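For clarity, every value in this text was computed on a predicted model and none was experimentally measured. So that the names make sense, note that chain A is the first sequence line, chain B the second, and so on, each numbered from 1.
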Number of protein chains: 2
Amino acid sequence: MTTSDSSFAQCPTRPPGPESCGAEDWLAFLGHRWNAMILWHLSEGSLRYGALQDRLPGISPKVLSERLAGLVARGLVTRQEVRAAPPEVHYALTQKGIELREIIAQLYEWAENSEA
Amino acid sequence: MTTSDSSFAQCPTRPPGPESCGAEDWLAFLGHRWNAMILWHLSEGSLRYGALQDRLPGISPKVLSERLAGLVARGLVTRQEVRAAPPEVHYALTQKGIELREIIAQLYEWAENSEA
DNA sequence: CTGAATCCGATTGGATACTG
DNA sequence: CAGTATCCAATCGGATTCAG
């Protein structure tokens with residue numbers, strides 16, 4: 001791939017390369033509603049589906065499922081299913097998720113201090 | 001709230017109020033396409049409308065205007081109009097914009113290293 | 001040159017009902 | 001409990017055209 005390829009040409013930090021500009025994708029992902037908040041709540045520790053639902057007032061089951069699937073697909077969250085009488089599914093941050101949460105934490109901190 | 005574990009307890013729960021958590025809004029804002037890239041390109045220094053257009057292949061004038069207006073409205077970018085035969089409009093980062101760009105830079109860096 | 005105005009298809013998030 | 005399946009209104013980003 002050449003540097004003139006428009007799909008990656010605007011990547012700020014890396015000239016060529018296939019996946020050199022993933023940060024844009026991460027921002028788009030985090031920009032989707034609930035994603036950052038889910039990440040945040042999971043930083044307290046493992047949580048079940050229902051617990052997340054309770055902590056995210058207003059989220060619909062469909063959207064919560066979508067978000068969790070996305071988080072798992074990106075390797076930020078693990079999904080552990082426990083087959084039992086009442087089924088249990090536990091979600092927890094991966095190391096990668098913890099790292100990303102750290103960066104988000106800085107944004108939170110900055111946002112607080114930069115409030116008008 | 002008693003900061004039993006984290007120091008950002010007030011943010012994640014978004015009640016029906018206006019905007020209780022600025023970081024969420026910032027992420028949503030940055031998640032919109034082009035915004036982060038515009039911020040990034042402006043970190044090189046002041047740029048004119050056309051120069052930004054050239055550096056953002058595929059962006060439409062409408063979207064570029066929208067994005068720039070948003071960036072200005074949020075105090076991240078300044079807009080300086082020069083009345084001349086060919087009108088000139090210069091866009092540049094504010095201190096706030098520089099600060100936010102720094103945080104984004106960390107995401108870029110993390111994204112690079114976590115791709116492998 | 002720097003936009004504003006319109007139109008449009010695609011995507012999004014949400015409400016609701018239903019299932020293993 | 002932990003989702004899936006539909007349906008839907010709103011929003012988004014892009015293309016195009018026009019204007020100061």
Side-chain angles (χ1 to χ4, degrees), chain A residues 6-10 21 24-39 41-42 46-74 77-92, chain B residues 12-17 19 21 24-39 41-42 46-74 77-92:
Chain A
S6 62
S7 51
F8 293 105
Q10 58 267 55
C21 199
E24 285 299 320
D25 295 326
W26 282 112
L27 277 176
F29 176 71
L30 293 173
H32 286 303
R33 205 179 169 188
W34 305 114
N35 268 336
M37 262 189 288
I38 292 173
L39 219 48
H41 282 293
L42 286 180
S46 177
L47 286 176
R48 293 171 60 182
Y49 185 91
L52 280 168
Q53 216 169 16
D54 294 341
R55 286 158 184 267
L56 303 169
I59 195 171
S60 72
K62 179 194 126 184
V63 174
L64 179 53
S65 294
E66 283 176 0
R67 295 301 186 265
L68 287 171
L71 289 160
V72 170
R74 284 172 175 73
V77 168
T78 58
R79 178 183 188 277
Q80 185 191 357
E81 197 170 345
V82 178
R83 288 195 158 279
E88 296 180 14
V89 182
H90 299 265
Y91 294 94
Chain B
T13 56
R14 175 153 58 179
E19 287 119 44
C21 182
E24 285 297 322
D25 294 325
W26 283 112
L27 277 176
F29 175 70
L30 294 173
H32 286 303
R33 204 178 171 192
W34 305 113
N35 269 335
M37 259 188 287
I38 292 173
L39 220 47
H41 282 293
L42 285 180
S46 177
L47 287 176
R48 293 172 61 183
Y49 185 90
L52 281 167
Q53 218 169 14
D54 294 342
R55 286 157 185 268
L56 303 169
I59 195 171
S60 72
K62 180 193 123 184
V63 175
L64 180 53
S65 293
E66 281 176 1
R67 296 302 187 264
L68 287 171
L71 289 160
V72 170
R74 284 171 175 75
V77 168
T78 57
R79 179 183 187 275
Q80 184 191 357
E81 198 172 343
V82 177
R83 288 196 157 279
E88 296 179 13
V89 182
H90 299 265
Y91 294 94

Using atom names, set out every protein N or O paired with an N or O of nucleotides 4-9 of chain C below 3.5 Å, distance rounded to 0.1 Å.
none

Review point. Just to confirm, is there a sub-4.0 Å distance from OP1 or OP2 of C:dG3 to any side-chain nitrogen or oxygen of B:Tyr91?
Key: yes
Point to revise | Rounded distance [0.5 Å steps], CG in B:Leu42 versus CG in B:Leu47 | key: 5.5 Å
Review point. Could you give the CG-to-C1' distance, from A:Leu64 to C:dT16, as a whole number of Å?
Key: 16 Å
Check your understanding: Roughly how many Å is it from CG in A:Leu68 to P in D:dC1, rounded to a whole number?
Key -> 16 Å
Exercise for review: Spell out, as yes or no, whether a donor-acceptor pair under 3.5 Å connects the side chain of A:Arg67 to the backbone of A:Arg33.
Suggested key: yes
Study note, to complete from the structure: With the side chain defined as heavy atoms from C-beta on, B:Arg67 is closest, among D:dG13, C:dG14, D:dG14, to D:dG13
Check your understanding: Between B:Leu71 (CG) and C:dG3 (C1'), how many Å, whole number?
Key -> 16 Å
Check your understanding: Below 4.5 Å, heavy atoms only, C-beta onward: do B:Leu68 and B:Leu52 meet side chain to side chain?
Key -> yes
Practice item. Is it possible for you to check whether B:Arg48 lies under 6.0 Å from the centre of the six-membered ring of B:Tyr91, through NZ or CZ, and within 45° of that ring's axis? Key: no
Check your understanding: Taking atom P of C:dT12 as reference, at what distance in whole Å does atom CG of B:Leu27 sit?
Key -> 17 Å
**Study point:** Comparing B:Ser60 and A:Val89 on DNA chain D - which has the more 5′ nearest nucleotide
**Key:** A:Val89
Point to revise | Whole-Å distance separating the CG atom of A:Leu47 from the P atom of D:dC1 | key: 15 Å
Check your understanding: How close do B:Ser65 and B:Tyr49 get, heavy atom to heavy atom, and via which atoms?
Key -> OG-OH, 3.5 Å
Practice item. Using atom CD of A:Gln53 as one end and atom P of C:dG14 as the other, report the distance to the nearest whole Å. Key: 13 Å
Exercise for review: Would you mind classifying the nucleic acid contact of B:Arg83 as base, sugar-phosphate or nothing, using non-hydrogen atoms under 4.0 angstrom?
Suggested key: nothing
Review point. For D:dC12, does either OP1 or OP2 sit under 4.0 Å from a side-chain N or O belonging to B:Arg33?
Key: no
Exercise for review: Side-chain contact test, heavy atoms from C-beta onward, threshold under 4.5 Å: evaluate it for A:Glu88 versus A:His90 and give yes or no.
Suggested key: yes
Exercise for review: Using atom CD of A:Gln80 as one end and atom C1' of D:dC1 as the other, report the distance to the nearest whole Å.
Suggested key: 16 Å
Revision key, fill the gap. Among the nucleotides C:dT2, D:dG14, C:dG14, whichever has the atom closest to the side chain of B:Arg48 is C:dT2
**Study point:** Pairwise side-chain contact, B:Val72 with B:Thr78, heavy-atom cut-off 4.5 Å (strictly under)
**Key:** no
Review point. Whole Å only: how far is the CG atom of B:Leu56 from the P atom of C:dT2?
Key: 14 Å
Point to revise | B:His32 side-chain proximity, nearest of D:dG13, C:dT12, D:dA2 | key: D:dG13
Practice item. Mind checking A:Glu81 for me? I need base, sugar-phosphate or nothing, with any heavy atom below 4.0 Å counting as a touch. Key: nothing
Practice item. Return no unless some side-chain N or O of A:Arg79 is found under 4.0 Å from OP1 or OP2 of D:dA2. Key: no
